[in-house]
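Data first, discussion second: the structure below is written as structure tokens.
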Amino acid sequence: LVLVVDREQAGAGLEQVLRAQGQVADAAEREVRDGSRGERWSTAAALWVFVAIIGADLASWVELVLIVVFGAVMIPWGVRNSRKRKVMPHRSQYQGGRMMALWLLGAGLVGGTMLLSGWLLGRTELPVPSLIQATLTTLVFVFLSAPLIERAVTSVRPAGSER
Amino acid sequence: VTTPAGFDELIHPSTRLAVVALLAASEWAEFAFVRNTLELSDSALSKQLHTLEEAGYLELKKEGVGRGRRTRVRLTRRGRTAFDGHVAALRAIVGSTATPQGGRATR
């Protein structure tokens with residue numbers, strides 16, 4: 001038995017492939033959009049507590065332990081959240097450069113705010129500087145970094161296609 | 001009207017091509033996601049997955065227990081290679097230079 005495929009059938013097959021790519025991209029976007037709000041606020045709460053504690057006058061080794069603990073809690077939590085997803089787009093579907101740039105910008109904003117506010121507050125006589133530092137860092141995370149990182153995660157549309 | 005090299009008769013049937021195309025765009029997908037997206041019944045999808053699994057094109061992984069039990073499906077390297085070859089063959093038949101990676105998804 002020889003299978004014969006004409007141009008029309010082959011074209012329909014290619015259409016199906018394109019449609020599947022769009023369906024995966026759409027589903028990934030939807031999942032991030034629907035699930036990110038709760039994750040954003042719980043991450044913000046954890047970040048606030050972390051910065052508030054680490055911004056206090058602590059010994060270096062305590063700061064180091066706190067950083068390790070924060071990472072040890074947040075990384076598995078992030079992995080657990082990603083496992084709740086119904087579909088994970090293939091790496092070939094990501095716009096790698098754009099995703100990396102957005103990630104770095106988001107992380108840089110949070111890190112930069114934390115360091116700069118800590119440095120500035122160290123030169124003032126304001127009360128509870130670590131709480132102010134934590135609040136500023138968290139606000140930057142919620143309103144600037146998190147939206148950027150979400151955009152990075154949803155930049156799964158095949159390069160060159162319209163959004 | 002020919003079937004060029006890379007054309008995969010196992011993948012080509014419409015439903016199976018839809019399943020493989022969906023999985024090719026994914027690292028992995030849940031059984032329920034594939035079923036709902038392609039509007040298939042559990043049994044129809046299971047049958048297609050079984051055929052593809054037997055050919056070594058995909059693997060199924062069950063996770064969790066009780067109500068949280070989920071089945072994840074992913075293409076194997078062999079399946080991905082077969083899919084890429086099949087898409088190349090379809091493109092050769094159509095005689096088009098357009099690639100799925102650069103194209104616009106039809107909604």
Side-chain angles (χ1 to χ4, degrees), chain A residues 1-35 76 78-99 152-163, chain B residues 1-4 7-39 63-64 68 70-75 80 83-84 86-96 98-107:
Chain A
L1 181 69
V2 177
L3 184 63
V4 176
V5 178
D6 60 22
R7 284 170 64 105
E8 198 175 320
Q9 287 173 311
L14 288 174
E15 277 291 311
Q16 211 160 20
V17 173
L18 291 173
R19 191 162 48 244
Q21 288 180 341
Q23 285 169 325
V24 170
D26 286 345
E29 282 184 13
R30 226 175 12 251
E31 283 198 317
V32 170
R33 200 175 54 233
D34 296 346
V79 170
R80 194 173 143 260
N81 280 334
S82 77
R83 282 189 179 156
K84 284 182 192 166
R85 297 176 69 168
K86 292 180 178 131
V87 61
M88 178 68 77
H90 189 255
R91 54 186 175 274
S92 63
Q93 304 294 299
Y94 282 99
Q95 299 171 35
R98 182 172 181 263
M99 186 174 82
V153 174
T154 57
S155 62
V156 293
R157 198 64 62 157
S161 67
E162 295 169 37
R163 291 191 70 90
Chain B
V1 180
T2 56
T3 51
F7 187 91
D8 193 311
E9 292 189 21
L10 189 77
I11 292 178
H12 186 66
S14 174
T15 306
R16 230 173 277 157
L17 178 60
V19 171
V20 176
L22 206 65
L23 294 175
S26 320
E27 290 288 345
W28 49 260
E30 274 195 17
F31 181 95
F33 170 77
V34 180
R35 179 196 62 203
N36 296 343
T37 304
L38 301 179
E39 297 177 345
E63 291 180 345
R70 305 187 310 177
T71 302
R72 280 189 180 175
V73 194
R74 71 185 309 154
L75 275 192
R80 205 166 280 283
F83 173 75
D84 290 342
H86 187 68
V87 170
L90 291 178
R91 270 195 241 131
I93 293 169
V94 172
S96 164
T99 65
Q101 280 73 26
R104 168 93 172 111
T106 305
R107 312 280 171 109

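Here is how names work: the chains are called A, B, and so on, in the same order as the sequence lines, proteins then strands, and each is numbered from 1.
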- Item | Partner chain A: residue of B:Leu75, B:Val20, B:Thr37, B:Ile11 with the largest heavy-atom pair count (under 4.5 Å) | B:Thr37

- Note on the structure: Applying a strict 4.5 Å limit to non-hydrogen atoms, the region of B:Ala32 in contact with chain A is neither

- Is any side-chain heavy atom of B:Phe7 closer than 4.5 Å to a side-chain heavy atom of B:Ile93? yes

- Task: Examine whether an atom of B:Arg72 lies under 4.5 Å from a heavy atom of chain A, and if so say whether it belongs to the side chain, the backbone or both; otherwise answer neither.
- Result: side chain

- Query: Side-chain contact, heavy-atom cut-off 4.5 Å: A:Val87 with A:Glu31?
  - Reply: yes

- Message: Donor-acceptor check, side chain of B:Arg74 to backbone of B:Leu23, threshold 3.5 angstrom: yes or no?
- Response: no

- Message: Quick check: do B:Ser26 and B:Glu30 have side-chain heavy atoms less than 4.5 Å from each other?
- Response: no

- Max heavy-atom pair count under 4.5 Å with chain A, selected residue of B:Ala89, B:Ala25, B:Ala24, B:Ala29: B:Ala25

